[in-house]
Amino acid sequence: MDKTFDHKSIEKKIADRWNKLEAFKFNPKSNNPPYTIILPPPNITGSLHLGHSLCYTIQDILIRYKRMKGFNVLWQLGLDHAGIVTQLLVEKELAGRGVDRHDIGREKFIEAVWNWKERSGGTILNQMQRLGVSGDFSRVCFTMDEQRQVAVRKAFVKLYNDGLIYRAKRLVNWDSKLKSAISDLEIVNKEVNGSMWYIKYPLVDDDPGGENSITIATTRPETMLADVAVAVHPSDARYKGLVGKLLRLPLTDKIIPIIADNYIDQEKGSGALKVTPAHDFNDFEIGRRHDLEAINILAPDGRMSDNVAAEYRGLTQEQARVLIIERLTNMGLVEKEEKIKHFVPYADRSGARVEPYLTDQWFLDAPKLATEALRAVEDGEIRFVPKNWENTYFDWMRNIKPWCISRQIWWGHQIPARYGPDGEIFVADCDEEAQTLAKKHYGHNVELKRDEDVLDTWFSSGLWTFTTLGWPNETTEFKKHHPTDALVTGFDIIFFWVARMIMLTTHICKRIPFKDVYIHAIVRDEKGQKMSKSKGNVLDPLDLIDEFGVDSLRFSIAALCAPSRNINMGKERMAGYRNFITKLWNATRFILMNGCRYDNHFDISAVKLSANKWIIANVINLISNVESAIENYRFDEAAKSIYQSLWGTFCDWYLEFIKPILSGKCQENISETKSTAGWAIAQFIKVLHPISPFITEELAEALGLTGNNSSLSTSSWPCYKLPKDFDRLQGEVDWICQAITAVRSLRSDFNVQPSAELKIIISENDCKKHSLDEYATFIYRLAKASILYESPEDDIASVPIIVEGCVIRVIMDKSIDINKEKARLQAEMEKLKIDSLSIKTRLSNPDFLAKAAETVIFDHKKRLSNMESRVDRINELLNV
RNA sequence: GGAUGCUUAGCUCAGCGGUAGAGCACUACCUUCACACGGUAGGGGUCACAGGUUCGAGUCCUGUAGCAUCCACCA
């Protein structure tokens with residue numbers, strides 16, 4: 001074995017072995033208790049980024065752990081068709097060849113998308129395998145594959161028949177670039193510079209150009225062409241008596257009323273609001289209350305439509321705005337213009353400015369579905385981990401609005417609705433069924449027209465837990481593995497996905513989709529900045545794997561996975577955990593070099609030597625700590641306790657303890673110690689396996705823990721009971737460790753050469769109390785100090801130290817002049833005292849305090865306390 | 001404007017009633033026969049600020065400040 005672990009030579013080999021053994025194949029016939037996770041399906045457009053690595057590693061840890069625990073694990077993998085994103089990408093690709101999708105038509109375009117899927121869909125799956133994802137890749141589903149299409153249609157029809165899906169003419173968020181409705185979650189608000197114009201609307205009864213008018217304020221004067229009223233607050237003194245009067249809308253000369261509505265905020269603008277129902281969500285509501293007409297002046301591409309005077313038609317809104325302001329200014333109707341900053345909605349995907357737009361769309365009655373979805377979480381049937389995300393969920397769910405599920409794009413599940421000649425709607429799974437419905441309605445066969453829209457991507461994602469398990473068929477998977485056990489995802493898609501899955505699944509299946517929702521943090525760079533290509537701080541997981549190895553990456557992820565909002569991932573930190581992986585490698589190498597192997601028949605209760613009992617107790621304790629950490633989704637604790645035990649206890653102490661034995665100094669214990677060491681390292685390898693599967697698989701084989709045709713992945717999780725008196729040794733060995741440390745400290749303080757041998761005297765009582773006979777060689781090995789059982793002559797210089805009430809006298813090597821060293825320490829102490837005195841003087845000087853900045857004072861205080869603690873230490877050493 | 005977090009060692013973060021912790025970085029010494037991606041010993045902390053509860057508060061409560069994120073906001 002090499003001195004350092006060469007991950008590159010091993011990862012591929014191990015992955016191939018897992019493949020060959022079909023280690024992760026799901027067995028539907030197994031009678032073991034089920035454990036199920038549905039993987040959040042990545043988009044077919046993507047490649048693996050660090051966020052994926054995090055999400056998948058966590059799931060893989062759970063899956064591998066549960067598999068070892070004897071569960072029949074089902075980790076359902078899949079891919080998402082990602083409607084809008086994919087369509088935009090394929091359009092872009094076509095545009096590169098000078099092709100517009102409208103030229104080739106819908107059918108050819110969809111063909112092109114499937115083509116794309118074939119090419120890029122597999123990329124991320126391959127990358128997942130590189131990460132060590134231990135799912136059954138033969139079961140990968142796709143949100144648009146045949147089975148899912150059937151299920152999605154079925155679900156839609158059911159929701160429609162249950163009155164939860166309806167078609168309506170409503171204002172929706174309109175992406176004018178995409179020419180499609182989008183959901184309010186797909187919008188980002190950006191702050192932009194704009195203007196607020198104050199425009200006078202003259203009262204009808206007055207002289208043309210007269211003084212009497214109402215001033216309205218607006219950032220979008222072009223929409224005034226669609227104004228149908230001006231609204232004021234009923235109790236606004238400024239407009240008392242004007243309610244009910246008529247205004248002449250400038251430019252169009254349309255007569256519009258002044259109405260009163262409680263929605264109006266007297267503080268904002270001029271207190272009078274122009275009402276434009278077709279182009280503002282609030283105005284739409286006002287329009288409904290007052291039975292006002294909604295005039296749509298925008299075309300689907302966001303330009304001025306034919307509903308306005310010819311001179312404005314076809315203009316962009318910006319062009320129309322300039323023209324209108326120019327005209328109003330000439331008419332003397334612009335009171336003032338204020339430059340302001342305000343937030344304007346943009347489409348997340350296409351970047352287009354989002355318009356409220358009046359169209360016919362399909363809606364899901366989310367407010368109705370929310371009741372049951374809220375109850376499931378309120379009652380604790382579904383548990384969020386960490387729990388505080390429940391509040392986010394509750395807040396959103398309690399204020400939920402109907403979800404517009406139709407999209408005017410081509411790539412997606414086409415809505416299973418057909419229209420009769422008179423517009424009557426027939427919703428059915430298939431053509432035949434729709435025809436039957438139509439015939440029943442009309443009394444004869446008619447020609448039906450299929451709705452062209454497709455469903456929002458998140459609609460099919462929302463059904464994911466059960467459509468992947470065979471629903472609507474009562475498959476074994478659906479019966480046994482649903483509800484699934486855990487959903488692992490980021491907080492950024494609680495609304496998009498988690499909430500919708502809960503709503504849809506509780507209604508359609510009458511059960512919850514999952515029991516636990518584990519919300520992981522978002523990966524950022526080491527400074528806590530969001531990773532983005534423009535900032536150039538993106539860490540590519542595949543690069544990290546190349547540099548540090550998968551096992552290090554996975555271990556880092558686990559170790560950093562504390563329950564907070566962010567995970568700051570930097571290379572320095574990763575290097576530290578890579579070192580840990582190397583440490584494990586070398587510890588195992590050492591054990592193998594000394595002829596230790598894992599012995600299947602090793603009986604821990606027959607062990608005699610304290611050091612061996614001690615490490616066994618530590619390891620058993622670790623196993624249960626790791627168990628409860630993983631069960632509680634505390635992967636950081638699992639990783640850290642393995643790190644701590646392996647490095648801090650096993651390597652730093654135990655291996656040093658047993659070196660004298662293994663080298664043949666105590667023949668009687670050699671066989672037992674070899675077995676114990678082999679057993680202990682095997683346990684470390686097992687408990688680490690869910691986190692770092694590759695190196696552990698490799699080492700397990702070397703240790704003889706697994707054979708040619710077996711895998712650690714499918715071996716069982718260690719289960720040991722601590723033999724009776726084992727944990728009582730803890731205090732005893734701790735004392736030994738402390739004594740050794742104390743001797744080493746003293747050596748360091750007195751500048752004793754590391755190679756110099758010390759003699760220490762421990763009272764007979766203490767020797768018995770701490771079974772020191774057994775440890776004599778250990779103390780020699782670790783502190784180069786051997787125990788004397790008889791007091792030497794008084795004239796030999798010694799320094800006493802106290803460890804937990806027991807006095808240890810350390811006899812110095814003859815080459816060390818104790819008095820000289822003591823004098824040196826004394827001098828150091830005096831100097832520190834004098835220095836600290838001068839700092840104290842400074843700090844008590846009002847002039848200094850007045851001049852010095854706070855940080856300077858802080859620095860002085862810090863230095864002072866450092867000096868004082870050093871003085872205390874030296875004092876202790878000299879006085880005992 | 002509403003909500004939720006965060007503020008602890010130089011950096012990144014754990015800890016959430018009982019003697020201030022980890023990793024990395026730092027200092028000194030050590031190429032000792034698993035490992036220099038190592039070993040040993042160290043140094044480094046007004047636990048944001050101000051009040052309160054308690055025998056006792058990074059830890060609970062109230063308030064303040066700064067930062068972050070989400071939601072709302074086109075008069």
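Every chain is numbered from 1 and lettered A, B, ... according to where its sequence line falls, protein lines coming before strand lines. Keep in mind that this is a model prediction, so the values were computed, not measured.
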Paired nucleotide for A28(B) [Watson-Crick or G-U wobble; both distances under 3.5 Å] | U40(B)
At under 4.0 Å, does any side-chain N or O of Arg220(A) touch on OP1 or OP2 of C74(B)?
-> no
Would a distance-only check, ignoring hydrogens and angles, find a side-chain to backbone donor-acceptor pair under 3.5 Å from His342(A) to Met196(A)?
-> no
Parallel, tilted or perpendicular: which fits the ring planes of Trp389(A) and Phe491(A), with parallel below 30° and perpendicular above 60°?
-> parallel
If A20(B) has a Watson-Crick or G-U wobble mate with both distances under 3.5 Å, name it; if not, just say none.
-> none
Mutual orientation of the aromatic rings belonging to Phe635(A) and Tyr633(A) [parallel < 30°, tilted 30-60°, perpendicular > 60°] | perpendicular
Using both distances under 3.5 Å as the test, list the Watson-Crick or G-U wobble partner of G58(B), or none.
-> none
Reckon Asn282(A) has a side-chain N or O less than 4.0 Å from the OP1 or OP2 of C74(B)?
-> yes
Is there a Watson-Crick or G-U wobble partner for U64(B) with both distances under 3.5 Å, and if so, which one is it?
-> A48(B)
Ring geometry between Tyr393(A) and Phe384(A) (parallel below 30°, tilted from 30 to 60°, perpendicular above 60°) = tilted
Where does G58(B) fall, syn or anti, if syn means a chi angle no more than 90° from 0?
-> syn
Establish, from distance only, whether the side-chain atoms of Ser786(A) and Glu757(A) form a donor-acceptor pair under 3.5 Å.
-> yes
Taking only N and O in the side chain of Lys3(A), is any of them less than 4.0 Å away from OP1 or OP2 of C35(B)?
-> yes
Please report, rounded to the nearest Å, how far the C1' atom of G23(B) is from the CZ atom of Phe555(A).
-> 11 Å
Taking OP1 and OP2 of U32(B), is either one under 4.0 Å from a side-chain nitrogen or oxygen of Lys659(A)?
-> no
Value in whole Å for how far the C1' atom of U40(B) lies from CD of Gln753(A) = 13 Å
Check if the side chain of Arg573(A) and the base of C11(B) share a donor-acceptor pair of N or O atoms closer than 3.5 Å.
-> no
Taking a pair to mean Watson-Crick or G-U wobble geometry with both distances below 3.5 Å, G1(B) pairs with C71(B)
N/O (side chain, Asn579(A)) to phosphate O (OP1/OP2, G38(B)) under 4.0 Å = yes
Expressed in whole Å, how much space separates the P atoms belonging to G51(B) and A57(B)?
-> 14 Å
Take atom CG of Asp265(A) and atom P of A75(B), then tell me their distance rounded to the nearest Å.
-> 11 Å
Looking only at side-chain N and O atoms, does Ser745(A) come under 4.0 Å of OP1 or OP2 in G42(B)?
-> yes
